[in-house]
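Okay, structure first, notes after.
Positions are given from 1, in the same order as the sequence printed here.
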Amino acid sequence: MADLAAVKRALAAQRIETPSWAYGNSGTRFKVFAQQGVPRNPEEKIADAAAVHRFTGVAPTVALHIPWDKVDDYAALTRYAADQGVGIGAINTNVFQDDDYKLGSVTNPDPGIRRKATDHLLEAIDIMDQTGSQDLKLWFSDGINYPGQDDLRTRQDRLAAALRETYDRLGENQRMLLEYKLFEPAFYATDVPDWGTSYAHCIELGERATVCIDTGHHAPSTNIEFIVAFLLRQGKLGAFDFNSRFYADDDLMVGAADPFQLFRIMYEIVRADALDPAYGIAFMLDQCHNIERKIPAIIRSVMNVQEATAKALLVDRDALTAAQNAGDVLESNAVFMDAYNTDVRPLLAEVRADNSLDPDPIAAYKRSGYDEKIIADRVGGQQAGWGA
């Protein structure tokens, strides 16, 4: 049986990072849907992230995206965040929106464009130095659409050179998180298409280069928890970008499409004793809330991660191990499913009440008047970053 006191302590200590861009206007390829009250600048994004933390108690940091969150004074922005009760988390780079990057950024055939892209990665580390951020988050849209368009192996060499220069610039307490994406916008070959490619580059770079798993960036039916288990075993899992997908990179609320998958992922985290923030895994959300209100959707996402974590913590590890060692297939699955089928909402309500939080964060947010306040105060909110 799980130790409920230990489970509650683990849940209270859990940390989930929210993304600044999730608070802005967003949409599909066809249209960006504007909402009233969305942030007009990085400070208001941070204020909204702080609101999520006030109601959940487990979201103390907000990830920034450069240049979407570019300011003149990052030290002042960091102080502002602290005054709001949160900190600056990962710094995310952007080498996919400029016209120069049509044929790639760090893998572009043009050395001048490669230099521009790498300089932006180094700029992000300068920002980390000013904000105290520890994580540099890299995602590249680089790839090709047609066979023969460029040389696949040469592009990997260019990628490796840019990653090496960037890695060598990191400070002693900073690390690199290398994300991957199966496809889009490159449809024939993407330069970092999967976890294995990211892992291989991270191994080559050194111990402070780690893989970021985006739960929406896989082929259908991919066993993501296997990837989690493998990278944990190798000490190379640095972060998650949590979201849900039905078809491709949908960026829906985490746990919305397949809550059982989220539970299976979190079980591997618990199994490796990697839930503790001291272990170093950054549990980040990466979502676009196109038609739903932003802050309630992010609160709901945080709660979904909490619920999956609580169920993972409730797995009777002794009973599961005994059944596995005995080769009892049905009993092993039953132990696993018993935990998943447990209603953990009352347990989480207790954890919140024990930590002076409202047991129901969504209801508390609705009562707070914060939504009405930002709608009244903010006119002409900022787009999340992507164009219509």
Side-chain angles (χ1 to χ4, degrees), residues 7 10-19 21-23 26 49 52-53 55-59 61 63 179 212-229 237 239-272 274-275 281-315 336-349 351-352 357 359-365:
V7 168
L11 292 169
Q14 188 172 24
R15 295 292 177 260
I16 301 164
E17 184 162 301
T18 69
W21 54 95
Y23 297 97
S26 57
V52 171
H53 182 48
F55 292 104
T56 64
V58 296
T61 56
E179 191 180 348
C212 174
I213 295 176
D214 186 309
T215 51
H217 286 186
H218 302 89
S221 301
T222 297
N223 188 325
I224 299 177
E225 60 269 30
F226 169 81
I227 302 170
V228 172
L237 177 56
F240 285 97
D241 273 359
F242 279 134
N243 52 59
S244 276
R245 46 76 63 81
F246 287 101
Y247 297 105
D249 184 20
D250 302 342
D251 275 347
L252 300 173
M253 292 190 304
V254 60
D258 189 351
F260 185 46
Q261 179 191 74
L262 181 58
F263 161 74
R264 300 193 310 266
I265 289 169
M266 293 312 299
Y267 173 74
E268 293 302 328
I269 295 295
V270 170
R271 162 74 176 77
L275 184 63
I281 296 176
F283 298 95
M284 300 183 284
L285 304 181
D286 181 15
Q287 303 172 176
C288 287
H289 304 293
N290 301 334
I291 58 176
E292 63 271 37
R293 292 295 295 171
K294 316 294 182 180
I295 297 173
I298 295 170
I299 291 174
R300 180 66 258 181
S301 292
V302 171
M303 293 171 67
N304 286 350
V305 177
Q306 289 182 294
E307 290 173 17
T309 305
K311 292 179 178 186
L313 287 163
L314 289 176
V315 172
F336 207 61
M337 295 306 300
D338 282 346
Y340 176 69
N341 289 323
T342 301
D343 184 356
V344 296
R345 290 173 295 180
L347 172 63
L348 283 161
V351 171
R352 296 184 186 112
L357 297 168
D360 186 340
I362 292 288
Y365 177 76

All heavy atoms of L237 vs all of I269, minimum pair found to be CD2-CD1, 4.1 Å

State the CZ-NZ distance between R264 and K311, to the nearest 0.5 angstrom.
12.5 Å

From M303 CE over to E307 CD, what is the distance, rounded to the nearest 0.5 angstrom?
6.0 Å

Looking at R271, I want to see if its CZ is surrounded by more than 12 non-hydrogen atoms of other residues, nucleotides or ligands under 6.0 Å.
no

Which heavy atom in Q287 sits nearest to a heavy atom in P19, and how many Å separate them?
N-CG, 4.4 Å

Parallel, tilted or perpendicular: ring planes of F283 versus F242, cut at 30 and 60 degrees:
parallel

With a 4.5 Å cut-off on side-chain heavy atoms, are T309 and V344 touching?
no

Please verify the inter-ring angle class for F260 with F263; under 30° counts as parallel, over 60° as perpendicular, anything in between as tilted.
parallel

Take H289 and I298, measure what side chain to side chain contact (heavy atoms under 4.5 Å, CB included) needs, and give me the verdict at the end.
CA-CA 8 Å; H289 304 293; I298 295 170; 3.6 Å; yes

Looking at every non-hydrogen atom in both residues, tell me the closest pair between R245 and T215 and how far apart they are.
CG-O, 4.0 Å

Any side-chain heavy-atom pair of P259 and N304 under 4.5 Å:
no

Look only at the side chain of E179 and the backbone of D214, and say whether a donor-acceptor pair between them is shorter than 3.5 Å.
no

Closest non-hydrogen contact found for E17 with A63 is OE2-CB, 3.2 Å

Which pair of heavy atoms, one from Y365 and one from P296, lies closest together, and at what distance?
CE2-CG, 3.7 Å

Show, in sequence, the C-alpha distance, side-chain angles and deciding distance for L347 and T342, and conclude whether the side chain to side chain contact (heavy atoms under 4.5 Å, CB included) test is met.
CA-CA 10 Å; L347 172 63; T342 301; over 6 Å; no

Side chains of D258 and L262, heavy atoms from C-beta outward: is any pair under 4.5 Å?
no

Working to the nearest 0.5 angstrom, can you tell me the gap between D249 CG and S244 OG?
11.5 Å

Rounded to the nearest 0.5 angstrom, the SG-NZ distance for C288 and K294 is 8.0 Å

To the nearest 0.5 Å, how far apart are CE in M284 and OG1 in T18?
11.0 Å

Considering all heavy atoms of both residues, which atom of R352 and which atom of P361 are nearest to each other, and what is their separation?
NE-CG, 3.5 Å

Quick check: do V305 and Q14 have side-chain heavy atoms less than 4.5 Å from each other?
yes

Quick check for you: to the nearest 0.5 Å, what is the distance between I295 atom CD1 and F55 atom CZ?
9.0 Å

Could you tell me if the side chain of I299 sits less than 4.5 Å from the side chain of T56, heavy atoms only?
yes

Give a yes-or-no answer on whether the side chains of D286 and N243 include a donor-acceptor pair shorter than 3.5 Å.
no

